[in-house]
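I have placed the structure first, in the form of structure tokens, so that the comments after it can refer back to it.
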Amino acid sequence: MPQDAPVIEAHHLTRYYGAQAVVQDVSFTLQAGETLVLLGPSGCGKTTLLRMLNRLIEPDAGTVTINGQDVRQQQPEQLRRGIGYVIQQVGLLPHYTVAENVAVVPQLLGHPAAQVAARTEELLRRLHLPPERYGRQYPHQLSGGQQQRVGLARALAADPPIILLDEPFGALDPITRASIRREFRELPELRRKTVVLVTHDVTEAFELADRILLLNAGQTQQLGTPHELLFRPANDFVRQFFEAERLGLQLRTLRLADVLTDELSSSQSNSINHYQSDTNTLPPSATIQAALELLSQPSATHGPPAPEPMVWVSAPGNRPDLAPRPLTYASLMTAFGRAVQQLSTV
Ligand SMILES: Nc1ncnc2c1ncn2[C@@H]1O[C@H](COP(=O)(O)OP(=O)(O)OP(=O)(O)O)[C@@H](O)[C@H]1O
């Protein structure tokens, strides 16, 4: 969970190319552990905004402070060693092995050799590149997805508190992309880090973001949680930007606890007699999408109290006295439709 002191503060950032303001008066504040996704159509200024955070581009107006210090007071090289940076083109050093590529920044920072070696091994293993197999290979011997994993390992190697990512999964096919994204999201160390990620992929933004900054023509259209952008769009641009994927985004954003409000707080349940196993049980914090996926598994229960596929929702943490509830497609979709209608009309 985010702590109080801001890690990154962007104040009124503006950048021109010629007469065109490609980033215009953009501000945001990020706390430790938060992930901000910069989202918007091609050319809207996402990369320019990201690169102003680590001084790869200097703003024409506005300031960036990191841990309370103006980045202009720091040498750009020094600043960048404390900030992990991952780009779509990966940018691995072709004449360095995989292990050497991962070790570059910790070595520059003077970390002890044994510590660097141990950290490199650990990261390669965690990103599904066993070091005994891949450590001595060269980048050209790896697939695009594997190179992208090395790029991530390299950005994480010195354990920087801040990571900036520019379309990090952009060059990959959709299946590899989804699986690396899942690995990325589940990396335990990312929970402590402050992450800013550029994408134009709406699903990716909703999967990874704590908050989204939606840009158009260099200007902030809305800064908020995925839930806020979806159900409280600030203007027509925001509403239309999500239109084509609205249903999928609602399924990924709403949680069982959001749609089963009455069911989960009611003490009237006789389902406990039928409750069989926890392999088909979801917590109330699971998304509707996760519940639909579990319902479609062959392992979904068929039996009392319902003859059709059925999963269970465990009681909320504050009501351990309640029994798990059965959930079928029909009951889930009814609750989901009711919740969407309520959220859309408030
Ligand atoms: N070095 C440059 N010189 C002139 N114009 C530039 C330069 N870099 C970027 N631009 C322009 O600034 C605008 C914003 O570019 P930027 O790369 O930040 O957009 P983006 O949202 O990241 O786009 P994409 O999603 O296509 O990568 C674009 O119109 C681009 O043409």
Side-chain angles (χ1 to χ4, degrees), residues 8-28 30 35-64 66 71-72 76 79-80 83-92 144-145 147-148 151-152 155 162-174 176-178 180-181 184 194-209 211-224 226 229 233-245 249:
I8 303 178
E9 291 169 274
H11 289 292
H12 305 291
L13 287 176
T14 296
R15 168 76 195 198
Y16 285 90
Y17 283 114
Q20 189 198 1
V22 299
V23 172
Q24 217 176 324
D25 197 22
V26 172
S27 300
F28 59 85
L30 278 185
T35 296
L36 177 72
V37 170
L38 308 181
L39 179 67
S42 182
C44 71
K46 305 179 291 292
T47 295
T48 307
L49 179 56
L50 186 81
R51 289 161 67 99
M52 285 195 274
L53 303 180
N54 64 357
R55 294 195 66 187
L56 284 169
I57 295 177
E58 299 289 354
D60 290 309
T63 55
V64 173
I66 291 192
V71 293
R72 285 172 301 190
L79 175 75
R80 281 178 219 137
I83 302 179
Y85 183 50
V86 185
I87 53 174
Q88 182 177 330
Q89 300 79 4
V90 192
L92 298 177
Q147 289 184 27
Q148 207 71 41
L152 275 179
I162 298 173
I163 310 256
L164 309 181
L165 305 111
D166 194 345
E167 294 274 4
F169 318 117
L172 308 174
D173 65 86
T176 312
R177 187 179 175 122
I180 296 193
R181 200 158 68 205
F184 176 74
T194 307
V195 177
V196 185
L197 181 140
V198 165
T199 185
H200 59 260
D201 181 325
V202 170
T203 305
E204 187 160 294
F206 270 68
E207 262 182 34
L208 298 176
R211 284 187 297 154
I212 294 174
L213 174 58
L214 180 61
L215 289 163
N216 186 36
Q219 292 180 315
T220 300
Q221 301 300 309
Q222 190 164 359
L223 171 61
L229 270 73
N235 57 36
D236 284 345
F237 177 86
V238 181
R239 192 172 295 112
Q240 277 156 20
F241 194 78
F242 299 117
E243 200 50 52
E245 293 170 72
L249 297 174

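First listed ligand is number 1; within each ligand, the first listed atom is number 1. Keep in mind that the numbers below use all heavy atoms, side chains included, and drop hydrogens, waters and symmetry copies.
- Contact annotation for T48 and ligand 1: heavy atoms of both the backbone and the side chain come within less than 4.0 Å of the ligand.
- Within a 4.0 Å radius of atom 31 (O) of ligand 1, the protein contributes no heavy atom.
- Nearest heavy-atom pair across L215 and P41 is O-CD, 3.4 Å.
- The shortest N or O to N or O distance between V22 and ligand 1 is not under 3.5 Å.
- Compare K46, E167, M52 by their heavy atoms: the one nearest to atom 21 (O) of ligand 1 is in K46.
- No side-chain heavy atom of F184 sits under 4.5 Å from any side-chain heavy atom of V86.
- Each of I87, L38, L197 was checked for a side-chain contact (heavy atoms from CB on, under 4.5 Å) with L50, and the lone residue meeting it is L38.
- Closest non-hydrogen pair, L223 versus L229, comes out as C-CD1, 4.4 Å.
- Using a 4.5 Å heavy-atom threshold, the side chains of I8 and F28 count as touching.
- Protein heavy atom nearest atom 19 (O) of ligand 1, with residue, atom name and distance: G45 N, 3.3 Å.
- At the top of the distance list for atom 2 (C) of ligand 1, counting protein heavy atoms only, stands Y17 CE2, 3.4 Å.
- When each of L56, L165, I163 is paired with Y85, the side-chain contact (heavy atoms from CB on, under 4.5 Å) condition holds for L56 and for no other.
- Among protein heavy atoms, the minimum distance from atom 28 (C) of ligand 1 is reached at G43 O, 3.7 Å.
- More than 12 heavy atoms of other residues, nucleotides or ligands sit less than 6.0 Å from atom NE2 of H11.
- Inside a 4.0 Å radius of atom 7 (C) of ligand 1 there is at least one protein heavy atom.
- Looking at atom 26 (O) of ligand 1, its nearest protein heavy atom turns out to be S42 OG, 2.6 Å.
- Under the 4.0 angstrom criterion for non-hydrogen atoms, G40 is not in contact with ligand 1.
- One distance of note links OG1 of T194 with CG of L36; it measures 10.5 Å at 0.5 Å rounding.
- Residue contacts with ligand 1: T47 is placed with a nitrogen or oxygen under 3.5 Å of a nitrogen or oxygen of the ligand (distance criterion only).
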